[in-house]
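To start, the structure itself, in C-alpha coordinates.
Predicted, not measured: the structure shown is a model, and the values here were computed from it.
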Amino acid sequence: IEATSIMNKALSNAAWYIYKNGSAIHEQHVSQESTSWYAHHIAMTASLAASDYITIRSGSTTLGMYGNAWSYFHVRLIA
(Lines give C-alpha, C1' and ligand atoms only; values in the text may rest on other atoms or scores of the structure.)
Protein backbone atom coordinates (compact mmCIF):
# COMPACT_ATOMS: atom_id res chain seq x y z
CA ILE A 1 0.00 0.00 0.00
CA GLU A 2 1.52 3.32 -0.99
CA ALA A 3 0.41 6.94 -1.11
CA THR A 4 2.32 10.08 -1.99
CA SER A 5 1.20 13.70 -1.94
CA ILE A 6 2.82 17.08 -2.04
CA MET A 7 2.15 19.34 0.93
CA ASN A 8 2.60 23.10 1.31
CA LYS A 9 2.14 23.80 5.00
CA ALA A 10 4.71 24.34 7.76
CA LEU A 11 4.20 21.28 9.98
CA SER A 12 5.71 19.91 13.16
CA ASN A 13 5.02 16.25 13.97
CA ALA A 14 1.73 16.09 12.06
CA ALA A 15 0.62 12.65 10.84
CA TRP A 16 -1.27 10.79 8.16
CA TYR A 17 -2.56 7.26 8.39
CA ILE A 18 -3.42 4.14 6.42
CA TYR A 19 -6.75 2.69 7.54
CA LYS A 20 -8.00 -0.84 6.89
CA ASN A 21 -11.76 -1.35 7.27
CA GLY A 22 -12.04 1.85 9.33
CA SER A 23 -9.13 1.18 11.74
CA ALA A 24 -5.68 2.78 11.58
CA ILE A 25 -2.98 0.21 10.78
CA HIS A 26 -0.02 2.49 9.99
CA GLU A 27 1.01 6.09 10.61
CA GLN A 28 3.66 8.38 9.15
CA HIS A 29 4.69 11.60 10.87
CA VAL A 30 5.29 14.71 8.77
CA SER A 31 7.40 17.76 9.61
CA GLN A 32 8.52 20.56 7.31
CA GLU A 33 9.55 24.13 8.09
CA SER A 34 8.55 25.69 4.77
CA THR A 35 5.27 26.42 3.01
CA SER A 36 6.87 25.35 -0.29
CA TRP A 37 5.60 22.16 -1.96
CA TYR A 38 7.39 19.02 -0.72
CA ALA A 39 6.53 15.38 -1.47
CA HIS A 40 5.69 13.06 1.42
CA HIS A 41 5.20 9.30 1.24
CA ILE A 42 3.49 6.63 3.35
CA ALA A 43 3.86 2.90 2.62
CA MET A 44 3.44 -0.48 4.24
CA THR A 45 2.87 -4.16 3.52
CA ALA A 46 -0.43 -5.60 4.75
CA SER A 47 -2.45 -8.76 4.47
CA LEU A 48 -5.81 -7.98 2.84
CA ALA A 49 -8.93 -9.98 2.05
CA ALA A 50 -11.15 -9.40 -0.99
CA SER A 51 -13.71 -7.52 1.12
CA ASP A 52 -11.20 -5.20 2.86
CA TYR A 53 -11.06 -1.51 2.01
CA ILE A 54 -8.20 0.96 2.48
CA THR A 55 -8.38 4.70 3.13
CA ILE A 56 -5.68 7.32 3.67
CA ARG A 57 -6.46 10.04 6.22
CA SER A 58 -4.71 12.91 7.91
CA GLY A 59 -4.61 13.26 11.67
CA SER A 60 -6.06 16.21 13.55
CA THR A 61 -3.73 18.68 11.78
CA THR A 62 -4.56 19.80 8.23
CA LEU A 63 -1.60 18.75 6.08
CA GLY A 64 -2.00 21.08 3.10
CA MET A 65 -2.14 18.17 0.62
CA TYR A 66 -2.55 18.71 -3.09
CA GLY A 67 -5.10 16.11 -4.09
CA ASN A 68 -4.94 16.23 -7.88
CA ALA A 69 -2.24 15.26 -10.37
CA TRP A 70 0.64 15.49 -7.87
CA SER A 71 -0.71 12.73 -5.60
CA TYR A 72 -1.09 8.98 -6.03
CA PHE A 73 -2.32 5.90 -4.23
CA HIS A 74 -1.79 2.28 -5.21
CA VAL A 75 -1.85 -1.24 -3.85
CA ARG A 76 0.07 -4.21 -5.25
CA LEU A 77 -1.32 -7.74 -5.03
CA ILE A 78 1.23 -10.37 -4.10
CA ALA A 79 -0.27 -13.82 -4.52
Side-chain angles (χ1 to χ4, degrees):
I1 302 166
E2 290 185 80
T4 296
S5 184
I6 58 174
M7 301 177 194
N8 71 339
K9 186 174 181 182
L11 302 164
S12 177
N13 205 29
W16 57 333
Y17 300 85
I18 297 174
Y19 279 72
K20 174 182 168 182
N21 301 328
S23 297
I25 58 171
H26 185 69
E27 69 181 73
Q28 179 67 47
H29 289 263
V30 177
S31 293
Q32 69 180 44
E33 295 178 1
S34 172
T35 57
S36 297
W37 291 102
Y38 289 98
H40 294 276
H41 184 76
I42 186 171
M44 69 169 298
T45 301
S47 179
L48 303 172
S51 60
D52 290 338
Y53 65 94
I54 298 295
T55 55
I56 307 295
R57 301 180 191 171
S58 63
S60 59
T61 302
T62 302
L63 299 179
M65 289 182 178
Y66 185 82
N68 294 314
W70 294 94
S71 298
Y72 75 85
F73 168 79
H74 71 270
V75 176
R76 294 184 182 120
L77 174 63
I78 301 171

- With sequence neighbours excluded, tell me which residues meet side-chain contact (heavy atoms from CB on, under 4.5 Å) with Ser58. Leu63
- Is the cationic atom of Arg57 (NZ for Lys, CZ for Arg) positioned less than 6.0 Å from the six-membered ring centroid of Tyr17 and within 45 degrees of its normal? no
- Message: Can you confirm whether Tyr19 sits close enough to Ile56 that some side-chain heavy atom of one is under 4.5 Å from a side-chain heavy atom of the other?
- Response: no
- Query: Nearest 0.5 Å, what's the NZ-CD1 distance between Lys20 and Ile25?
  - Reply: 6.0 Å
For residues 34-44, run the donor-acceptor check on the side chains, cut-off 3.5 Å, and write out each pair with its distance to 0.1 Å, sequence neighbours left out.
from  : atom 1 : to    : atom 2 : distance (Å)
Ser34 : OG     : Ser36 : N      : 2.8
Ser34 : OG     : Ser36 : OG     : 3.0
His40 : NE2    : Gln32 : OE1    : 2.6
His41 : ND1    : Thr4  : OG1    : 2.6
His41 : NE2    : Glu2  : OE1    : 3.2

- Query: Taking atom CD1 of Ile54 and atom CD1 of Ile18, what is their separation to the nearest 0.5 Å?
  - Reply: 7.0 Å
- Query: What's the spacing between Leu48 CG and Tyr53 OH if we round to 0.5 Å?
  - Reply: 12.5 Å
- Counterpart residues, side-chain hydrogen bond (donor to acceptor under 3.5 Å, both in side chains), relative to Asn8 (two or more places apart): none
- Query: Can you check side-chain contact (heavy atoms from CB on, under 4.5 Å) on Ile6 and Met65, steps first, answer last?
  - Reply: CA-CA 6 Å; Ile6 58 174; Met65 289 182 178; over 6 Å; no
- Task: Enter the distance from Trp70:CH2 to Ser5:OG here, rounded to the nearest 0.5 Å.
- Result: 11.5 Å
- Message: With side-chain hydrogen bond (donor to acceptor under 3.5 Å, both in side chains) as the criterion, how do Gln28 and His26 come out once you've worked through the C-alpha distance, each side chain's angles and the decisive distance to 0.1 Å?
- Response: CA-CA 7 Å; Gln28 179 67 47; His26 185 69; 4.5 Å; no
